[in-house]
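Note sheet for the following structure.
Here is the naming used below: chain letters follow the sequence lines, and residue numbers restart at 1 for every chain. Since this is a predicted model, take the numbers as computed values, not measurements.
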Amino acid sequence: MIVDARVLREDFVPTEVVHRHDEVTHLSETLEPLLYGERAEPAFLFGPTGVGKTCIARYTLEQLREEDPEIRTAYVNCWQEYTRFRVLYAILEAIDRTADLHRSTPKDELFGRLEAADEGPIVVILDEVDQLEETDVLYDLYRLRHVSLVMIANREDELFARLDDRIRSRLHASTRVRFDRYRTTELAAILQRRAEKALEPGAVSDAQFRTIADAASGDARVGIGILRSAARRAERRGTDQFTDDVIEASIPDAQTAIRRKTLEGLIEHQRILYEVIADAGEIEPTDLYDAYERRVTKPKTERTLRNYLTKMVHYDLIEAVGKRRGRSYRVVDEEVQTSEEDGAVGESER
DNA sequence: TGTCCACCGGAATCCTGGGGAT
DNA sequence: ATCCCCAGGATTCCGGTGGACA
């Protein structure tokens, strides 16, 4: 069934793109000056999740490097690298300048090092740049003549609202590439291309591609997730073709997989908080803090819990209903619990 | 209408632990 | 071995907000 699993991975960059030629052209035109030793203006890629922003950014940079291998690139996911220190560190790591760096290196030393690495252009992709907590690093990077920025975010207005005036005014003139949701037919075509490389020929029918694309409602990440999950499922069953019930079973799987992954990333106290909220269904702050304190031996302070809560809201794991007095928290998606057993069953499939 | 207070979140400060310098 | 520097998480402190209630 599965011939090449890499193709179904989330970070796979295809060798050719489907349905995003205009966007690729737009971005590569912006970066073109780099080929003539000039500076490229910063570029923004805006659009909802799963529309290929990250994929196109990486693809375009690979194309660029094929024309000029001297151009160095760094990919930074601001979800994980959300401080100035971490962003700078990640960039230095990508260009191999972290040999003797450690946690206690002064921040300015990191910046100085990046500043000194000016023997050629560096293109930095800042993915999920709206998750950056210390936005002043954008200003630092902007100041470096040999660094070009490709920034990825969901919504333009939300991103700009978070920036301070200094950097906002400078970035206002940048190129913007906008991505729309895929139509079902477009996503079906993308999935088909992936399947051609990843799976044995004829494993999936055209109608099944459409079913998957439809269930993913324009989100390629979800679509590929369903495809991957269905392929594994079919493989476990020893069939060489997708059946409709395999696909049916894989849809909820893929939709909650991302959530489960973020849930795993939580630290113990955050998970306990999440469990308290999940158990209660919906709970008010004071009750939540009390219940939490009863469950742990060394409780964190309420302020810390509030930080956890905002973080979890951010992750889209829980939601806060109402503001101030009378606010309550609840988990975003109740199905998470039920799908748990689904994943664990695995080999004992019916 | 005024007071109370649950709740939020910003800012300053403390604490911890890794790692270099001496 | 000891001291110093650092980042980042936790904690402390506190002001703002607006719904509840008299």
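Between A:Tyr82 atom OH and C:dG8 atom C1' there is a gap of 7 Å when expressed in whole angstrom units. Distance A:His269 NE2 to C:dA10 P: 9 Å, rounded to the nearest Å. One interatomic measurement links the two molecules: CG of A:Leu288 to C1' of B:dC8, which rounds to 14 Å at whole-angstrom precision. Atom CG in A:Leu309 sits roughly 13 Å away from atom P in C:dA10 (whole-Å rounding). Across the protein-nucleic acid pair, A:His314 atom NE2 and B:dG9 atom C1' stand 14 Å apart, rounded to whole Å. Spacing between atom CD of A:Glu81 and atom C1' of C:dG8 amounts to 14 Å, rounded to whole angstrom units. Here the P atom of nucleotide C:dC5 and the CG atom of A:Leu110 are 18 Å apart, to the nearest Å. Regarding A:Phe85, its CZ atom lies at a distance of 15 Å from the P atom of B:dG18, rounded to whole Å.
If you look at A:Phe209 and A:Phe242, their ring centroids are not closer than 6.0 Å.
For the pair A:Phe44 and A:Lys53, the minimum side-chain heavy-atom distance is 4.5 Å or more.
Which of C:dG9, C:dA7, B:dC8 sits closest to the side chain of A:Arg327 comes down to B:dC8.
Annotation: proximity of residues 295-308 of chain A to DNA chain B (heavy atom, distance under 4.0 Å) is found for A:Arg303, A:Arg306, numbered in ascending order.
Geometrically, A:Arg306 does not engage A:Tyr308 in a cation-pi contact, judged by NZ or CZ lying under 6.0 Å from the ring centre and within 45° of the ring axis. The cationic atom of A:Arg176 (NZ for Lys, CZ for Arg) does not lie both less than 6.0 Å from the six-membered ring centre of A:Phe46 and within 45° of the ring axis.
An OP1 or OP2 oxygen of C:dG8 is reached within less than 4.0 angstrom by a side-chain nitrogen or oxygen of A:Thr83.
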Check the pair A:Leu64 / A:Leu35 against side-chain contact (heavy atoms from CB on, under 4.5 Å), numbers first and verdict last.
CA-CA 8 Å; A:Leu64 192 69; A:Leu35 296 172; 4.1 Å; yes
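Shown here for A:Ala43 and A:Leu27, the closest heavy-atom pair between the two residues is CB-CD1, 3.8 Å.
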